[in-house]
Amino acid sequence: MKKVKIGMVGLGRLGMDHARNIAFQIPNAELTAVCSIVEEEVDHVQKEWGVPFGYTVYEEMLKNKELDAIAVISPSPEHCGQIEKALDAGFHVFTEKPLGVTVEECRIAERAVERNADRVFMVGFMRRYDPSYAYAKKKIEDGAIGQPILVRATSIDPESTIEGAIRFAATSGGLFLDMTVHDIDLARWFLDSDVTNVFASGGSYLHKEFDVYGDGDNVAALMQFENGTMGMFHSGRNAPHGYHVETEIVGTHGTLRVGTVPEKNQVQIFDTYGARKECVSGFPERFEEAYRLEVQEFVDCILEDRKPSVSVYDGTKATEVAYAATESFRENKLVQLENQVEKMK
């Protein structure tokens, strides 16, 4: 079996999960090189997993002619520059979301993809590959709920991870870009339309540290789409019960709900607190299969010479909307997407 040799940049929490999948869970992929500015991370992966090549300078990894593809799992502000360099060096590219933290950055990635149309490029909106969300999409396509008219989405990280969220707040791009962007992509996918108007609100209700970055620990947005449908979004950082991702799609003849209770498994506990179920602890647990399936799709696209359904333009659209929501949140005003996009060009 031919294997796609992948070099990966970024060995943080999510980077290690992707690296593990490429190295051990995807039969037709090989983790051939890793890159991180933290030399100890590179040394650890090379030693423990037998990865042939390790780098602390990204540009040096791009000189490795044994590689077929690059996976960009670095901090969000680095994505578009690294995408452009990898594509122009002749590699296929997979990147984690968001595509970029500004629309200008996304345009850089778009032009690089267009210059290198023979290369496979994919944005990692992994929720599209989650079996439950994929099933919901199929039910919509089959007409099970009639015309979808509203997406209501909640995404809240557990309080147990708040220290990391505060530590990376300066570079995350804010809650809308860092987290809500997943829900924005799902809403565009489910409603088959783009956002025209956004009004957002929120604040730092528990963790005031986010104020200095123009961010919040809980934010919400109401959005109108081109086809007249609606989106309601709530994103937060301090769920006491675990990682809470819930999506509702309301149609003219029915409703779909995904993850209403973020159950860890089918075990019920009966104790002094009553009858209860434990919740998933974080995104690596909830979307473990989706992360593997999205990279499997990227590898299959390379081997089968086809393009993935998630394009660079999907990444730009999600960033446009998230940026508009951030602007609305910070300035307490309604933002029209046409005007916002023109301003960002």
Side-chain angles (χ1 to χ4, degrees), residues 97-107 109-111 113-114 122-123 125 127-128 133-134 136-155 173-177 179-202 219-235 247-258 307-345:
K97 65 81 195 168
L99 176 63
V101 296
T102 68
V103 178
E104 297 103 320
E105 289 183 4
C106 293
R107 301 298 184 210
E110 283 185 1
R111 290 191 290 270
V113 170
E114 291 162 358
M122 180 172 170
V123 182
F125 284 124
R127 293 188 191 179
R128 295 195 188 198
Y133 282 111
K137 175 67 171 177
K138 182 66 165 55
K139 297 297 282 187
I140 292 170
E141 292 174 341
D142 290 344
I145 61 170
Q147 178 194 355
I149 58 174
L150 168 69
V151 169
R152 180 185 61 83
T154 297
S155 292
L175 196 46
F176 286 110
L177 276 160
M179 186 181 296
T180 319
V181 70
H182 279 299
D183 296 310
I184 292 167
D185 179 68
L186 281 179
R188 292 184 61 247
W189 192 45
F190 287 141
L191 297 173
D192 195 23
S193 187
D194 286 317
V195 177
T196 57
N197 299 300
V198 180
F199 182 77
S201 185
V219 297
L222 179 64
M223 302 185 189
Q224 183 180 44
F225 288 73
E226 288 179 352
N227 61 2
T229 56
M230 303 166 284
M232 301 170 62
F233 305 86
H234 167 220
S235 297
T247 308
E248 181 178 46
I249 308 103
V250 178
T252 53
H253 293 95
T255 296
L256 301 172
R257 288 183 178 175
V258 180
K307 296 298 176 68
S309 61
V310 186
S311 74
V312 67
Y313 307 106
D314 289 312
T316 299
K317 285 290 187 181
T319 295
E320 287 174 353
V321 176
Y323 191 93
T326 302
E327 180 184 349
S328 176
F329 162 66
R330 289 174 177 171
E331 300 183 20
N332 191 34
K333 67 178 185 181
L334 178 73
V335 175
Q336 294 182 307
L337 263 294
E338 299 89 345
N339 295 339
Q340 188 264 344
V341 172
E342 286 300 317
K343 184 170 71 174
M344 290 302 300
K345 287 181 178 178

K.L.:
I want to check something: taking the side chain as every heavy atom from C-beta on, are Val219 and Phe233 in contact at a cut-off of under 4.5 Å?
P.N.:
no

K.L.:
Could you tell me the separation between the CG atom of Asp183 and the NE2 atom of His234, rounded to the nearest 0.5 Å?
P.N.:
10.5 Å

K.L.:
With rounding to the nearest 0.5 angstrom, report the CE to CG distance, Met232 to Leu222.
P.N.:
6.5 Å

K.L.:
Return the minimal non-hydrogen interatomic distance between Leu191 and Val151, and the atom names on each side.
P.N.:
CG-CG2, 3.8 Å

K.L.:
If you define the side chain from C-beta out and look only at heavy atoms, does anything of Val101 sit under 4.5 Å from Thr319?
P.N.:
no

K.L.:
Under 3.5 Å, is there a donor-acceptor pair between the side chain of Thr326 and the main chain of Ala322?
P.N.:
yes

K.L.:
Using side-chain contact (heavy atoms from CB on, under 4.5 Å), reason through Gln336 and Thr196 one step at a time and then give a plain yes or no.
P.N.:
CA-CA 6 Å; Gln336 294 182 307; Thr196 57; over 6 Å; no

K.L.:
What distance do Thr102 atom OG1 and Glu320 atom CD have between them, rounded to the nearest 0.5 Å?
P.N.:
11.0 Å

K.L.:
Tell me whether Asn227 at atom CG has more than 12 heavy atoms from other residues, nucleotides or ligands lying less than 6.0 Å away.
P.N.:
yes

K.L.:
Counting only N and O atoms by type, is there a donor-acceptor contact under 3.5 Å from the side chain of Thr252 to the main-chain atoms of Gln147?
P.N.:
yes

K.L.:
Quick one: does any side-chain atom of Lys137 pair with a main-chain N or O of Trp189 as donor and acceptor, under 3.5 Å?
P.N.:
yes

K.L.:
Can you tell which of Leu99, Val123, Val321 makes a side chain to side chain contact (heavy atoms under 4.5 Å, CB included) with Thr316?
P.N.:
Leu99

K.L.:
Using 0.5 Å steps for rounding, measure from the NZ atom of Lys139 to the CG atom of Leu256.
P.N.:
8.0 Å

K.L.:
Do the side chains of Arg152 and Val250 get nearer than 4.5 Å, heavy atoms only?
P.N.:
no

K.L.:
Got a salt bridge between Glu110 and Arg107, using NZ or NE/NH1/NH2 to carboxylate O under 4.0 Å?
P.N.:
yes

K.L.:
May I have the step-by-step check of side-chain contact (heavy atoms from CB on, under 4.5 Å) for Phe190 and Thr247, ending in yes or no?
P.N.:
CA-CA 11 Å; Phe190 287 141; Thr247 308; 4.3 Å; yes

